[in-house]
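FYI, the numbering just counts along the sequence from 1. Quick caveat: nothing in here was measured; it's all calculated off a predicted structure.
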Amino acid sequence: MQYWLQIGSNLIAAISFSALTIPMSKLVIVESPTKARTIRNYLPAGYRVEASMGHVRDLPQSASEIPASVKGEKWAPLGVNVEANFEPLYVVPQDKKKIVKELKEALKGVDELFLATDEDREGESISWHLLQILKPTVPIKRMVFHEITEDAIRQAILNCRDVDERLVRAQETRRILDRLVGYTLSPLLWKKIAFGLSAGRVQSVSVRLLVRRERERRAFRQGSYWDLKAMLEVRDEERGERSDRNTPHFEARLVTLAGVRVANGSDFDEATGQVIAGRNVVLLNEAEAQTLQDRVRDRPWTVTNLEERPVNRKPSPPFTTSTLQQEANRKLGLSARDTMRTAQSLYEQGYITYMRTDSVSLSQQAITAARDCVQSMYGAEYLSPEPRKYATKSKGAQEAHEAIRPSGSSFRTPQQTGLKDREFRLYDLIWKRTVATQMAEVRQTHITVQIQVEDAGFRASGKRIDFAGFFRAYVEGSDDPNAAIEDQEVILPALQVGDTPNCTDLDAIGHETQPPARFTEASLVKTLESEGIGRPSTYASIIGTIIDRGYANMVGNALIPTFTAFAVTALLEKHFPNLVDTSFTARMEHDLDEISTGALEWLPYLKAFYLGETGLETQVKDRESEIDPTEARTVNLENLAAKVRIGRFGAYIEAEDSDGTVKASIPKDLTPADLDPAQVETLLRQKTEGPDKVGLHPETGEPIYLKIGAYGPYVQLGDESEANPKPKRASLPKGVTSDTLTLEQAVGLLMLPRLLGVHPELGGKIQASLGRFGPYVVLDQGKGVKEYRSIKAGDDVLTITLDRALEMLAEPKAGRGKRGAAKPLRELGAHPEDSEPVNIYDGPYGPYIKHGKVNASLPEGETVEAIAMTTAVEALNAKAGTKKTGRSRKASAASTAETTKTSTTKKTAAKKTAAAKTTTAKKAATKTSTKKKASPA
């Protein structure tokens with residue numbers, strides 16, 4: 001019965017969808033060209049798809065965008081008329097006016113308008129703004145989908161709705177609130193600290209988190225402790241017939257002495273570097289550890305206890321926006337911004353579901369697809385007994401209604417997609433995480449062995465994987481599941497209570513406690529989400545703003561706050577504590593979510609926040625006169641006699657001596673946590689007494705100085721004078737410090753670039769030198785043609801030889817995102833008119849045809865594999881004609897697409913749908929300009 005009901009339902013849907021193919025003109029508007037191109041493959045004839053390129057309206061970003069009619073109003077710079085119920089001033093940016101004009105032209109003559117922007121608040125807002133600008137007189141339908149597949153688009157057309165005014169209002173309130181905070185506080189920071197600084201509702205809280213962690217690092221006091229590490233071996237007679245194939249060697253650590261636990265790093269107070277008061281532990285120093293080492297080394301060791309504990313591990317939930325950013329940062333080294341750009345491209349090309357979501361739930365379709373993958377690729381034993389479902393626990397979870405997963409009712413493996421580079425790696429990550437959710441649990445056994453030697457207790461810990469389960473597909477934080485499975489195991493030999501292993505080696509090991517780890521992008525995103533601060537979809541832009549505004553530097557994978565961040569955070573903490581309080585900001589986030597559901601009214605909320613005696617506007621006005629600019633520019637650091645201030649060109653030290661005030665710039669790579677009295681003394685001494693002298697150059701006799709500049713220490717040959725205004729200088733390379741620099745190294749650095757010789761085949765000069773990104777070798781072939789290779793660890797720029805440089809130049813280049821000449825996806829052959837090659841390449845907007853200097857997009861419905869030379873020549877001629885006549889490429893493409901669609905029959909539509917699957921796999925990432933703008937925080 002159920003079977004026939006399903007058949008009937010499918011027939012009704014097919015009949016309803018076929019009715020949509022009746023020749024009518026319909027306009028569909030999406031955000032980006034990539035999304036437009038993908039969705040077009042699944043629409044019937046008569047549907048024209050255009051892109052709005054994100055928001056077409058926004059609050060003014062500069063004074064030039066404010067209309068003349070309101071320019072004189074005092075609220076105009078704010079972009080919000082707070083006196084007229086917070087009415088926002090919306091303008092069409094200059095770069096969007098042409099797009100709006102084209103959309104209005106496209107709307108003429110159509111019978112229906114479909115708004116197919118993303119399904120979250122931001123997408124709803126874009127649709128609403130389009131309605132306000134275009135003012136359509138035809139029926140309007142809001143078309144929503146969370147993946148771009150044929151079935152999803154079909155269902156979306158059949159189940160359209162109206163624009164959700166509550167979502168629009170929630171986004172608008174959030175946007176207004178962010179503008180009020182940013183545009184009210186930022187001018188205050190310009191006046192009191194430095195021009196160009198900014199404050200934000202979420203941004204400032206994030207910066208404070210970084211600053212607080214750096215303060216903790218500065219306050220940290222190191223502690224030291226010692227313990228013993230033993231290498232033990234099971235005796236042959238004890239191994240006997242236990243059939244133990246494992247190595248007889250194993251490691252054990254000292255844990256007790258005379259029945260009292262031995263101190264470890266967790267027992268120390270970070271503020272004092274001493275053992276926390278009240279802890280009953282034994283703290284060993286070096287001498288005591290060595291004495292114990294000598295005492296027990298040759299004494300009998302006995303296994304006194306052995307415990308095996310079974311542990312089952314369940315797979316992590318599928319990705320949300322936040323967890324995808326965290327894992328992509330840990331596994332792939334991608335920033336939050338790069339992760340979201342890549343994920344958006346994958347979504348718009350139809351590879352994954354919508355990437356802005358707080359939900360961990362999977363649809364039944366997705367669960368079935370994931371289980372099919374497990375069954376076919378790993379076997380039934382690796383399938384979870386029952387379909388595994390996850391419940392969303394995040395506070396205020398909203399956005400899309402499903403986790404991030406591969407799109408469709410069957411999941412393409414990463415190898416089947418045809419994706420490359422970053423897109424391939426991110427899709428691979430999403431695919432593995434999703435498939436793992438439906439795999440069996442990992443079964444492990446944790447083993448703890450207690451060994452006693454005299455009064456010293458040692459412990460050996462092991463871990464055995466009894467069944468790999470979902471580890472076969474995915475191990476969190478690891479790139480290679482197979483290698484990661486090995487990392488998850490610590491194999492111990494088969495032991496029994498009473499065994500007496502031999503001690504083959506015993507070492508006394510010294511340890512030092514470490515300061516709290518700095519935030520990475522992954523850990524900051526995790527903290528923001530756990531505290532309920534901001535929306536995960538905005539974290540990428542917030543972190544980007546923090547770095548762009550000079551509040552933090554990315555060093556390796558760590559976010560290190562600057563002295564400017566310290567000054568701004570101190571001002572806000574003192575005068576506007578609520579705005580940088582995590583609890584207060586989390587409550588604001590909750591209130592904004594309440595507005596989206598209608599539980600809270602937006603206007604009273606904004607009035608209470610901004611107006612009145614306790615409103616932000618009044619607070620800023622009242623406290624502006626209380627804030628002393630000199631005090632605001634001063635960064636107070638403990639244990640420093642000198643003052644740190646923020647100046648026009650960055651942070652500097654200021655101190656008083658017998659001659660008056662002395663100022664010295666702080667190098668940009670010197671962090672607040674690492675600035676100590678000795679460094680301050682060096683900076684001030686070099687400023688007053690001149691630089692330290694390394695020695696005299698052996699050939700010229702000129703002095704070589706060690707100086708400290710804005711970007712760190714460097715050496716200088718000779719004195720600066722009128723005759724020698726720009727003396728030779730060289731930065732210290734990585735691994736060489738001011739304390740370890742020798743005269744020989746300084747001379748070598750000043751000799752750079754070094755001529756190593758001439759390339760035996762190409763004839764160009766080969767040099768070794770030091771640049772902005774470190775040491776390198778370069779082959780100069782003349783006429784601006786140069787080939788570079790970085791000098792990695794193991795080679796020295798001062799000693800590298802010609803032979804080694806030739807080896808490096810012969811290796812394939814792995815540069816900073818640069819590639820050699822692009823290889824064509826397909827070579828069509830010689831052009832019939834001039835015999836020049838006609839090739840198809842993969843470009844930022846998908847495959848394109850190239851002939852000479854003319855590039856043309858693949859015509860609608862054509863694929864890389866099937867397109868004929870005649871069709872390609874027609875597209876090239878049309879493109880060349882477009883350039884001559886000045887017609888816009890977009891209008892031409894739209895006209896071609898409309899003509900093609902009008903003439904499409906059911907047969908060719910089916911053919912096009914099949915071909916689209918191949919075409920989609922070839923598309924490259926969309927340009928960042930197509931991405932929706934996130935509201936600043």
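Using a distance-only test at 3.5 Å, with no hydrogens or angles considered, no donor-acceptor pair links the side chain of Glu654 to the main chain of Tyr652. Between the side chain of Ser731 and the main chain of Tyr714, no donor-acceptor pair closer than 3.5 Å is present. At least one donor-acceptor pair under 3.5 Å links the side chain of Thr682 to the backbone N or O of Ala678. A donor-acceptor pair under 3.5 Å is absent between the side-chain atoms of Ser186 and the main chain of Tyr183, judged by distance alone. Without hydrogens or angle criteria, Asp507 side chain to Ile509 main chain gives no donor-acceptor distance under 3.5 Å. Listed for the Arg549 side chain is a donor-acceptor partner under 3.5 Å among the backbone atoms of Gly196. For Ser530 (side chain) and Thr527 (main-chain N/O), a donor-acceptor pair under 3.5 Å exists by modelled atom type. In this structure, the side chain of Gln679 engages the main chain of Asp676 through a donor-acceptor pair within 3.5 Å. Of the possible donor and acceptor atoms, none in the side chain of Glu638 sits under 3.5 Å from a partner among the backbone N and O of Leu640. No donor-acceptor distance shorter than 3.5 angstrom exists from the side chain of Ser790 to the backbone of Lys792, with no hydrogens or angles considered.
Looking only at atom types and distance, the side chain of Thr700 has a donor-acceptor partner in the side chain of Glu702 under 3.5 Å away. Thr520 and Ser523 share a donor-acceptor pair across their side chains, judged by distance under 3.5 Å alone. A side-chain donor from one of Arg645 and Thr634 sits under 3.5 Å from a side-chain acceptor of the other. For the residue pair Ser721 and Asp719, no side-chain donor N or O sits within less than 3.5 Å of a side-chain acceptor on the partner.
In this structure, the separation between CG on Asp267 and OG1 on Thr513 is 11.0 Å, given to the nearest 0.5 Å. Within the model, atoms CG of Leu197 and CG of Leu571 stand 10.0 Å from one another, a figure rounded to the nearest 0.5 Å. Interatomic distance, Leu292 CG to Leu228 CG, rounded to the nearest 0.5 Å: 5.0 Å. Note that the CZ atom of Arg253 and the CG atom of Asp227 stand 5.5 Å from one another [nearest 0.5 Å]. Note that CG of Leu506 is 10.5 Å distant from NZ of Lys229, once rounded to the nearest 0.5 Å. With rounding to the nearest 0.5 angstrom, the NZ atom of Lys728 is 10.0 Å from the CE atom of Met751.
Summarising the geometry of Leu426 relative to Thr339, their closest heavy-atom pair is CD2-O, 3.7 Å, with the distance given to 0.1 Å. The heavy-atom pair separating Tyr705 from Val694 by the smallest distance is C-CG2, 4.2 Å. The two residues Ile542 and Ser206 come nearest to each other via the heavy atoms CG2-OG, 3.9 Å. The heavy-atom pair separating Leu756 from Ile800 by the smallest distance is CD2-O, 3.5 Å. Summarising the geometry of Leu798 relative to Leu749, their closest heavy-atom pair is CD2-N, 3.7 Å, with the distance given to 0.1 Å. The two residues Ile533 and Tyr539 make their nearest non-hydrogen contact at O-OH, 2.8 Å.
Using a 4.0 Å cut-off between a side-chain N of Lys or Arg and a carboxylate O of Asp or Glu, Arg518 and Asp674 qualify as a salt bridge. In summary, Lys192 and Glu624 do not engage in a salt bridge, as defined by a charged side-chain N under 4.0 Å from a carboxylate O. Between Arg217 and Glu270 no salt bridge is recorded (no basic side-chain N to carboxylate O distance below 4.0 Å). A salt bridge links Arg215 with Glu573: the closest approach of a Lys/Arg side-chain nitrogen to an acidic carboxylate oxygen falls below 4.0 angstrom. Using a cut-off of 4.0 Å between Lys/Arg side-chain N and Asp/Glu carboxylate O, Asp548 and Arg337 are scored as salt-bridged. A salt bridge between Glu720 and Arg729 is present, with a side-chain N of the basic residue lying under 4.0 Å from a carboxylate O of the acidic one. Between Arg789 and Glu811 there is no salt bridge, since none of the side-chain N atoms of the basic residue sits less than 4.0 Å from a carboxylate O of the acidic one.
Within a 6.0 Å sphere centred on CD of Glu288, other residues, nucleotides and ligands contribute more than 12 heavy atoms. Summarising the local packing, CD of Glu626 is surrounded by more than 12 heavy atoms from other residues, nucleotides or ligands at distances under 6.0 Å. Heavy atoms of other residues, nucleotides or ligands lying less than 6.0 angstrom from NZ of Lys765 number 12 at most. Residue Gln781 places its CD atom among more than 12 non-hydrogen atoms of other residues, nucleotides or ligands, all under 6.0 Å distant.
For the side chain to side chain contact (heavy atoms under 4.5 Å, CB included) with Tyr551, the qualifying choice from Leu210, Thr569, Thr564 is Thr564, the only one to do so.
Using a 30° and 60° split on the angle between ring planes, His511 and Tyr225 fall in the parallel class, below 30°.
Using a 4.5 Å heavy-atom threshold, the side chains of Val525 and Gln326 count as touching. Within the 4.5 Å cutoff, the side chain of Pro561 has no heavy atoms near those of the Val207 side chain. Considering only heavy atoms from C-beta on, Leu189 stays 4.5 Å or farther from Ser198 through its side chain. The closest side-chain heavy-atom distance from Leu750 to Val747 is not below 4.5 Å. The shortest side-chain heavy-atom distance between Leu743 and Gln745 does not fall under the 4.5 Å cut-off. By the 4.5 Å heavy-atom criterion applied to side chains, Pro672 and Thr562 are not counted as neighbours. Leu752 has its side chain within reach of Val797: a pair of non-hydrogen atoms, C-beta onward, lies under 4.5 Å apart. Using a 4.5 Å cut-off on side-chain heavy atoms (C-beta onward), Tyr776 and Leu770 make no contact.
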Worked verdict on Thr585 versus Val580 for side-chain contact (heavy atoms from CB on, under 4.5 Å): CA-CA 7 Å; Thr585 307; Val580 286; over 6 Å; no

Residues Val275, Leu283; criterion side-chain contact (heavy atoms from CB on, under 4.5 Å); working and verdict: CA-CA 8 Å; Val275 172; Leu283 178 60; 3.9 Å; yes

Residue pair Arg685, Asp692: steps toward the side-chain contact (heavy atoms from CB on, under 4.5 Å) verdict: CA-CA 9 Å; Arg685 177 169 47 78; Asp692 296 333; 2.5 Å; yes

Salt bridge (Lys or Arg N to Asp or Glu O under 4.0 Å) between Arg221 and Asp269, worked out: CA-CA 8 Å; Arg221 296 295 177 264; Asp269 185 339; over 6 Å; no

Derivation of the side-chain hydrogen bond (donor to acceptor under 3.5 Å, both in side chains) call for Glu521 and Ser335: CA-CA 7 Å; Glu521 287 203 30; Ser335 67; 4.5 Å; no

Intermediate values then yes/no, side-chain contact (heavy atoms from CB on, under 4.5 Å), Ile653 and Lys663: CA-CA 5 Å; Ile653 297 168; Lys663 299 178 181 179; over 6 Å; no

